[in-house]
Amino acid sequence: MASRIEPYAYLWVVAAPFSALAVLVSIWLIYKHLRNYTSPRVQRWIVRILIMVPVYAIDSFLSLRFRRFSSVWDLTRDCYEAYCLYCFFCLIYEYVQISTNDCISETMATKEPIRHPIPLCCFRFHPGGTFLVWCRRWILQFVIIKPVLAIVRLILEQTGHYLNSPMTAKDGFLYILVIENLSITLAMYYLVLFYMATKEELQRFAPMGKFMSIKAVIFFSFWQGVVISGLNTFDLIPWLGTVEPEDVGTGLQNFIICIEMFIMAIIHHKVFSYAEYRDPHKRPFLYDRKSQRLFNNPRGALVPVFTSFVKVADVRDVMADTKASFITPLLQTARPGVRIQEVEEIIVINQEYVPISPDHSSTEDTSRSSVDDDNDDIDDDDDSNDRTRLLM
């Protein structure tokens, strides 16, 4: 007599092909970007965003298949979710830099005050240098708070103080939910404000599709969890065989994410296409029509791909950004005669984030020239190719 299959197993059996396809489709697009890595200043952010789909798909499937360790898998997903939002902000920031010939602060300073979106439309904000700094800070705070909350949630779950069913004030779920919701709302709000202030400069880069793809993943995963937790609170999720309702709810969320990631991987091929960065001088790798050979020049084709991926995986620019946005202003307040209001802008010089004062233009010029001199041999060719290609 055949053994009976656990009903819960059908979830991960169905989710497995969707997760696998999502990973394969995304890896192909990532490979194409790394193979045509002609605009590093833009494509490094695009590739970091594209990695979100494999991370989500693999994590959700592992959480679904090995539900006892779902909290550990979800920690990775939560951390990368915040990092992905920051990467998108840096991507559109680079787009604006390209549109303004790296004069974003001067361009923003010439703009008229802009109304806040509804329901704060009675107020206006001026998109100057200070506005740019605070946009970066409010988005970076989510990158910091989200992993911290994920670690706290993991600790509370292990100690039995994180219960979302029933939802009570004695458990950590409610407090983490409020803090996380507030943090992500502020980050998204300032991302919207930045888009409102720079939509003219961003128009030719079609950022709306990119923004909606990021927003959909983050908000769907967040509110799906909230809705499922609410269903658990009112005992609307039944037992599934021997699996408790709380585990069924978590598994249901991971199941939905696996399917959503397959759809998102397809959408990414449209909104993050590599076609505009195609290198016309590269030799085909999989199949060369001229020589009619398969796997043509594997060393010359794959080594640059791995080299480019190492550059994308290097997060020292993120660490420098965090230091310039939070730590440096705090250190400056401790110095006599230096106020935090003096830090008006964080300019990007060859992937270095340098805080400058509006009253110290000579310092900016000295920093720019010294950094450029140090990096002439490395970055000049890439930067010139980037601007030529993206301004065509």
Side-chain angles (χ1 to χ4, degrees), residues 11-12 14-37 42-66 70 72-92 142-143 146-147 150 184 187-188 191 206-225 250-277 305-306 308-313 315 318:
L11 290 178
W12 63 263
V14 175
F18 285 98
S19 181
L21 287 173
V23 172
L24 292 176
V25 172
S26 293
I27 287 178
W28 175 253
L29 182 58
I30 292 170
Y31 164 77
K32 282 296 187 180
H33 271 284
L34 296 176
R35 185 81 168 88
N36 300 272
Y37 201 63
V42 171
Q43 286 180 281
R44 76 176 186 270
W45 301 113
I46 292 177
V47 173
R48 289 172 178 178
I49 292 171
L50 295 177
I51 294 175
M52 173 184 64
V53 170
V55 169
Y56 267 59
I58 294 173
D59 173 88
S60 297
F61 175 75
L62 291 176
S63 297
L64 190 62
R65 179 64 182 88
F66 307 102
S70 62
V72 179
W73 306 126
D74 291 346
L75 179 62
T76 303
R77 186 176 67 194
D78 290 341
C79 294
Y80 205 86
E81 174 186 306
Y83 178 62
C84 185
L85 182 64
Y86 163 78
C87 289
F88 178 73
F89 169 75
C90 292
L91 173 63
I92 60 176
F142 180 60
V143 179
K146 181 70 172 181
I184 191 174
M188 280 290 188
L191 190 60
M208 185 55 66
K210 300 177 177 64
F211 175 68
M212 294 306 297
S213 66
I214 302 297
K215 182 178 180 180
V217 172
I218 294 177
F219 267 72
F220 283 169
S221 61
F222 176 77
W223 287 108
Q224 282 167 188
T250 303
L252 182 61
Q253 182 182 8
N254 289 316
F255 173 78
I256 295 173
I257 290 176
C258 287
I259 298 176
E260 289 173 345
M261 288 304 102
F262 172 62
I263 299 173
M264 197 57 59
I266 297 175
I267 294 175
H268 279 178
H269 273 264
K270 176 65 176 178
V271 297
F272 292 108
S273 174
Y274 73 94
E276 60 184 301
Y277 309 105
V305 171
F306 287 112
S308 299
F309 183 77
V310 170
K311 294 179 180 178
V312 169
V315 295
V318 183

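Atom set for the values below is all heavy atoms of this structure, side chains included, hydrogens, waters and symmetry mates excluded.
- Under the ring-ring contact (aromatic ring centres under 6.0 Å, His included) criterion, Phe211 pairs with Phe88, not counting sequence neighbours.
- Here the shortest heavy-atom pairing between Ala57 and Val23 reads CB-CG2, 4.0 Å.
- Annotation for Met52 and His268: closest pair CE-CE1, 3.9 Å, computed over non-hydrogen atoms.
- Looking only at side-chain heavy atoms (C-beta outward), Arg44 and Lys311 stay at 4.5 Å or farther from each other.
- Contact between Phe61 and Ser19 at its shortest, heavy atoms only, is CB-OG, 3.7 Å.
- For the atom pair CZ (Phe18) and CD1 (Ile256), the distance works out to 12.5 Å, reported to the nearest 0.5 Å.
- A pairwise comparison of heavy atoms in Lys146 and Ala82 identifies CB-CB, 3.6 Å as the closest pair.
- Between Gln224 and Ile257, the shortest heavy-atom distance links the atoms NE2-CG1, 3.9 Å.
- A distance of 9.5 Å separates CD1 in Ile266 from OG in Ser26, rounded to the nearest 0.5 Å.
- Side-chain atoms of Tyr274 and Gln43 form no donor-acceptor pair, as typed in the model, at a separation below 3.5 Å.
- Distance alone, capped at 3.5 Å, places no donor-acceptor pair between the Ser273 side chain and the Lys270 backbone.
- Contact record, Gly251 with Leu64: O-CD1, 3.1 Å, taken as the closest heavy-atom pair.
- Residue Ser63 is tested with Thr250, Thr76, Asp74 for a side chain to side chain donor-acceptor pair (under 3.5 Å); the sole match is Asp74.
- Applying the side-chain hydrogen bond (donor to acceptor under 3.5 Å, both in side chains) rule to pairs touching residues 252-265 yields Arg77-Asn254, sequence neighbours excluded.
- Taking CD1 from Ile184 and CH2 from Trp223, the interatomic distance works out to 9.5 Å, rounded to the nearest 0.5 Å.
- Under the ring-ring contact (aromatic ring centres under 6.0 Å, His included) criterion, Tyr80 pairs with Tyr83, sequence neighbours left out.
- Considering only heavy atoms from C-beta on, Ile92 comes within 4.5 Å of Leu191 through its side chain.
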